[in-house]
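Inspection log for the structure reproduced underneath, given as structure tokens.
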Protein chains: 2
Amino acid sequence: MATSDSAPRARGEYAKSSQRRKEIISAAVEVFSESGFRDGTLRTVAERAGMTHAGMRHHFPTKVDLLEAVLKWREVETLERARLTHPIGIDVIRTWIASVAENTTRPALVELEAVLSAEAISADNPAHEYFNDLYRRAEDLLTRAFATMAERGELRAEIESEVAARLVLSTTLGLQSLWLRNRSIDVATELRIYTGVLLTVEL
Amino acid sequence: MATSDSAPRARGEYAKSSQRRKEIISAAVEVFSESGFRDGTLRTVAERAGMTHAGMRHHFPTKVDLLEAVLKWREVETLERARLTHPIGIDVIRTWIASVAENTTRPALVELEAVLSAEAISADNPAHEYFNDLYRRAEDLLTRAFATMAERGELRAEIESEVAARLVLSTTLGLQSLWLRNRSIDVATELRIYTGVLLTVEL
DNA sequence: GTCTATAAACCGATAGAC
DNA sequence: GTCTATCGGTTTATAGAC
């Protein structure tokens, strides 16, 4: 799945086309966040990007191609940020919570994930495997962090690493979905309280 | 819609119509669970109920009418059950967890709520207010229970009732949505572990 | 109560002009 | 690159026969 612009000829044309793609993806994020993938229409996306849906086809031949671009955008916006710093142990948890806090400033991102991932529960949804994989990797990341902490005696002895990881992940997902309905909830603070209870050290 | 027919006849017809409605609702729960409200079609629902979608219109004039019936059925199946036993304090939490455990035997119910509630994040969704209200009432129920427990010293002193309530609710929602992707997760057990950490007494 | 048949609207995809 | 025009398919809703 390499990018389609593999042969960069004139730099100007490439930059312009790249900019257009970004505008379309941005519009698609809005529409898919509001209406989901199935009900979000190409005509609506195109309208917000200032085009017709037929013109958009030059950049994204099918609707699924557009979805894949949106998911890739989402990926870059979230996981990459946390991975570049290579934290270990308790710093993974701190980075996780900081990332959740930052998400509070970007409701569109949170809503996109909530809506698309729920749709993707159906096995025939084009994003089904994407979200299965996403959550499995998140669980692995947290499990490794808690395992390291357990060796150091920083995790309560009666809590297994895998269980702690799933609790943090599920609480994050649940709190975010409640927050989408009631923006007065302080997601990061409540997540920090909850996670702190699992530990023997200060978070 | 009462006919001029006399009693025995009318009773039979009424019971038949009521039974037909239940069959349609049952089919709608299946279809909406699998495909959501927007993508789940009246034709599919009707087919599973052994009718045509036009014939179904006699029982549910519009698609939104059918959705409302499904939501009402779901309501009766869950929250009502917990409310009828009138538990207080820690017994509310125990009843909650027992209810979550029972949900494990009914994936369609859990998937229905996950898919419909995510769709209903959009303010223009017909079930938007329904889910806002549902989660607010669940939070109130749990907050009152934890407040009672706090008075009895059963809740860790540093945890506020409102926060404990939201943590249990969000963890429940998050665990269920992970469970829909990986059925090997023991939702009730992990929820019990997590809730137990918040308490000073055995759950 | 349930059916057949169809209206009216909308969807994604595409052909072809410019 | 973007447009107009349109195709084939799908949807909800409805009219009317039985």
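Proteins get letters first, then strands, A, B, ... in listed order; numbering begins at 1 in each.
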CD of Glu23(B) versus C1' of dG1(C): gap in Å, rounded? 13 Å
Nearest-Å distance for atom pair CZ/P, residues Arg21(B) and dT2(C): 12 Å
Charged N-O contact under 4.0 Å between Asp133(A) and Arg137(A): yes
What's the NE2-C1' distance between His58(A) and dT2(D), to the nearest Å? 9 Å
Would you check if there is a donor-acceptor pair between the side chains of Thr171(A) and Thr171(B) at a distance under 3.5 Å? yes
Closest non-hydrogen atom pair, Lys63(B) against Gly40(B): NZ-O, 2.9 Å
Atom CD1 of Ile24(A) and atom C1' of dG1(D) are separated, to the nearest Å, by 10 Å
Could you report the tightest heavy-atom contact between Leu191(A) and Leu175(A), atom names first, then the distance? N-CD1, 3.9 Å
Could you run through nucleotides 11-18 of chain C and give me one letter per nucleotide, 5' to 3': B if any protein heavy atom sits under 4.0 Å from the base, S if only the sugar-phosphate is that close, - if neither? BBBB----
Ion pair Arg48(B)/Glu23(B), N-O distance below 4.0 Å: no
In this structure, how many angstroms lie between the P atom of dA13(D) and the NE2 atom of His59(B), rounded? 16 Å
Any side-chain donor-acceptor pair under 3.5 Å between Glu75(A) and Tyr130(A)? yes
With respect to the phosphate group of dT2(D), does any side-chain polar atom (N or O) of Thr52(A) fall under 4.0 Å of OP1 or OP2? no
Calculate the interatomic distance between Glu47(B) atom CD and dT11(D) atom P; express it in whole Å. 11 Å
